[in-house]
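A quick write-up on the structure given underneath.
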There are 2 protein chains.
Amino acid sequence: MATIRDVAREAGVGVGTVSRVLGGGAQVAPATRERVEAAMARLGYRPNTAARALSQRRTHTLEVVVPLVTRHFYVEVLRGIEEALAGTDYAVVIRTIERPASRGHAFAALGQGGRADGVIVVSVTPDDDLLARLEAAKLPAVLVDAADLALPSVVVDHVGAAREATRYLLGLGHRRIAIADTPDDPFTPGVAVERQRGYRMALAEAGVLPRAEYQIAAEASPEGGAAACEALLALPEPPTAILACSDTRAVGVLQAARKLGKRVPRDLSIMGYGDIEMSRHLGLTTMRIPVRELGQAGVGLLLEALAEPPAIPPQITLEAELIVRRTAVEPGQAGGKEPPWPVVTPF
Amino acid sequence: MATIRDVAREAGVGVGTVSRVLGGGAQVAPATRERVEAAMARLGYRPNTAARALSQRRTHTLEVVVPLVTRHFYVEVLRGIEEALAGTDYAVVIRTIERPASRGHAFAALGQGGRADGVIVVSVTPDDDLLARLEAAKLPAVLVDAADLALPSVVVDHVGAAREATRYLLGLGHRRIAIADTPDDPFTPGVAVERQRGYRMALAEAGVLPRAEYQIAAEASPEGGAAACEALLALPEPPTAILACSDTRAVGVLQAARKLGKRVPRDLSIMGYGDIEMSRHLGLTTMRIPVRELGQAGVGLLLEALAEPPAIPPQITLEAELIVRRTAVEPGQAGGKEPPWPVVTPF
DNA sequence: CTGAAAGCGCTTACAG
DNA sequence: CTGAAAGCGCTTACAG
């Protein structure tokens, strides 16, 4: 590999000059610049990243910390991050943390040895210890899908999303609306709570009393959704609509409803949450959560912080969008219409 | 940030000694080692990655080059790579190349400035120029989902996969079997050709003559699958089974069949290819392609090459697996049985 | 506008 | 087993 000295010799200049044309900004005589560039081309010269990082104290690398959980959600966030970084000269290194328990351990290594210029933490609400460490390391950081006033943060408005979903169901005429969600999410404990608040707000606005038995725990899988659906339909007064708090759960709800002989949406309306790709094909009515946008916005905030540390860390909230498809209609007893095609029930 | 000099001073030793305890292997007196480790802990010392890379000429970073196409396939390969790297001290930087046209450009930067110790190239068959460049840069490289005898490579046996799928349909009693595939894949042009070869081999083994009109081009999307299905069913002698060469296409085939009033699988058997997550929920009979395993095997080969450059580059072939679900049965006219649950048709 | 030199924070023969 | 020194390949004041 050719080094900067080889280029300098080849071009008949000092290494400092080569470095200056490399940097771009500095003042170099046009003729000199051309000679140097020609020499670089001739030698196939590539600046050494490590040497550069060492003397610049900048790695041109961003670190993103994500839970290992290989869920669609994190993949989408990463996509958003990559998209936003496409135009820049930043590389990204991804660090996954296994379980919440190992957080302390994982974060001990954050920005380890100046491996990164900044860090994007996904779906982890930092504790005081982590905040102190980031501060001490002077490592610019942003939070994605989690928030703290001390750090630039970008979140989704889950209260608003669940509220809008519930409102939509209410608007259709449903009064017996159930919600199936995680009782507690290990990474972002607040989210399920927020959704349930949105759900209750919408009910309250419509003057509908919330029922404890309609708020049911469901694991984040088709199986979890199916179990919740079965329990719900076994109730003396089963709901006429179920808001599954992930599209994955909604698939299970659809399955279980089918097995129990229910016609969707005529006998039971179902809404998902997230709008994953499959949902379009299934005709699932759902809330689109701007996940990719989370990643993009996170990069935006980090780049800004890198350029100039903000006096007060900006807090961004992204709104969800209602996607009307075919799994939710007026309740059957209120004269529900069949959609043009029978709704599909996976099994 | 504390440096190695701070640690040396704190421990009352030379920096060389600190470096030796850092390295692990070297001979250091136990007492000295303890003093140094205590000093490191007290100072919260983290070795600087860039400095280390510069003097060691090793970055502890692997580069993976993937097409930008944000398909499920690449995400899965990346997962496999990350899984395989979990136990090691390697970080990975991901570089995406946009279009085949920009390959030259993208590869010009390969292993740029020693940013990586080795590279995993996904779904790109290298041309002579790239091979020469890798050789010149002495950059260990492996190919994943592409092969070249000059480089360690890992591929999926697509001939065998399509052959097994076709055999399965033949075994069920089908004789009019169509295949819907990409005419040409911009990244790995060979794959579709291989599948078609496997398809024809199976037909030949069964003494069934291949028909040109049953080999149809279909874009890699539900829409592409739907169009192909419509064209196929409009034939004077429509097929009784369709092998869609991706599960995504199979979804479209399912849709179109439904729209045309066909009952699946009674009137038409459908097989997918890939086994994406949705397929389980749809009950789609398909071939499971070991995509994650591609990534894992690629890492294995690269790590081996890093440890000791192989005399002859190993070539690994991964086999697909038949996943029997509910969309393929005996042809209707041969007394096809309904599955316990009607097959689901997304729309 | 440009060269010479110091320095970034490590590692690694070389002595001892 | 350990210290002092050179060197990895850049960047960046400092002079000129």
Side-chain angles (χ1 to χ4, degrees), chain A residues 1-37 39-40 43-61 89 91 111-117 137-139, chain B residues 1-40 43-61 89 91 111-117 137-138:
Chain A
M1 267 314 211
T3 77
I4 198 172
R5 298 187 49 167
D6 301 322
V7 176
R9 192 181 314 121
E10 176 84 8
V13 298
V15 296
T17 299
V18 177
S19 178
R20 278 171 212 116
V21 350
L22 230 37
Q27 307 296 317
V28 182
T32 311
R33 177 184 298 275
E34 266 176 41
R35 278 219 315 287
V36 171
E37 281 170 349
M40 296 197 302
L43 267 34
Y45 170 73
R46 299 270 153 206
N48 178 298
T49 310
R52 206 159 200 184
L54 183 57
S55 51
Q56 272 186 150
R57 285 103 187 290
R58 285 192 58 202
T59 60
H60 292 271
T61 293
D89 64 343
Q112 180 186 123
R115 177 169 266 184
D117 296 337
K138 291 182 191 300
L139 188 66
Chain B
M1 264 314 212
T3 77
I4 199 173
R5 297 187 51 170
D6 300 322
V7 176
R9 191 181 315 123
E10 176 84 10
V13 299
V15 296
T17 300
V18 177
S19 177
R20 279 171 211 117
V21 349
L22 229 37
Q27 306 296 316
V28 182
T32 310
R33 177 183 299 274
E34 266 176 42
R35 278 220 314 286
V36 171
E37 281 170 348
M40 295 197 302
L43 266 36
Y45 170 73
R46 300 268 153 204
N48 178 298
T49 309
R52 206 161 199 181
L54 183 57
S55 50
Q56 274 186 150
R57 284 103 186 291
R58 284 191 59 203
T59 59
H60 292 271
T61 293
D89 65 342
Q112 179 185 122
R115 175 170 268 182
D117 295 338
K138 291 182 189 303

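Every chain is numbered from 1 and lettered A, B, ... according to where its sequence line falls, protein lines coming before strand lines.
Looking at B:Thr32 and B:Arg20, their side chains never come closer than 4.5 Å, going by heavy atoms from C-beta outward. B:Asn48 is not listed as a side-chain neighbour of B:Thr3, based on a closest heavy-atom distance of 4.5 Å or more.
Considering only side-chain atoms of B:Thr32, the nucleotide from D:dC1, D:dT11, D:dG9 that sits closest is D:dC1. For B:Val15, whose side chain is taken as the heavy atoms from C-beta onward, the closest listed nucleotide among D:dT2, D:dT11, C:dT11 is C:dT11. Counting only heavy atoms from C-beta on, B:Ser55 has its side chain closest to D:dC8 among D:dT12, D:dC8, D:dG9. Comparing C:dG9, D:dC10, C:dT11 against the side chain of A:Arg57 picks out C:dG9 as the nearest. In this structure, the nucleotide among D:dT2, C:dC1, C:dC10 sitting nearest to the side chain of B:Thr17 is D:dT2.
Residue A:His60 contributes atom NE2, which lies 19 Å from atom P of C:dC8 at whole-angstrom precision. Protein atom CD1 of B:Ile4 is 14 Å distant from nucleotide atom C1' of D:dA4, rounded to whole Å. What separates CG of B:Leu43 from C1' of C:dC10 is a distance of 16 Å, to the nearest Å. Rounded to whole Å, the distance from CZ on B:Arg9 to C1' on D:dG3 is 16 Å. Taking atom CG on A:Leu54 and atom P on D:dT11, their separation rounds to 11 Å, with Å as the unit. If you measure from atom CZ of A:Arg58 to atom P of C:dG9, you get 17 Å, rounded to the nearest angstrom. Between B:Met40 atom CE and C:dG9 atom P the separation is 17 Å, expressed in whole Å. Residue B:Leu22 contributes atom CG, which lies 11 Å from atom P of C:dT12 at whole-angstrom precision.
Nucleic acid contact for A:Thr3: sugar-phosphate only, since backbone atoms but no base atoms lie under 4.0 Å from a heavy atom of the residue. Nucleic acid contact class of B:Val13 (heavy atoms, under 4.0 Å, all strands): sugar-phosphate only.
Nearest heavy atom pair, residue A:Gly12 against residue A:Arg35, reads O-NH2, 4.0 Å.
Expressed to the nearest 0.5 Å, how far CD1 of B:Ile4 lies from CZ of B:Arg9 amounts to 12.5 Å. A:Leu54 contributes atom CG, which lies 10.5 Å from atom OG1 of B:Thr49 (distance to the nearest 0.5 angstrom).
The base of D:dG3 is paired with the side chain of B:Arg20 by a donor and an acceptor separated by under 3.5 Å.
Pairing for C:dA13 is absent, with no Watson-Crick or G-U wobble pair whose two atom distances lie under 3.5 Å. Pairing for D:dA4 is absent, with no Watson-Crick or G-U wobble pair whose two atom distances lie under 3.5 Å.
Residue order along DNA chain D, read from the 5' end via each residue's closest nucleotide, puts B:Gln56 first among A:Gly23 and B:Gln56.
The phosphate of C:dG9 (OP1 or OP2) has no side-chain N or O of B:Arg52 nearer than 4.0 angstrom.
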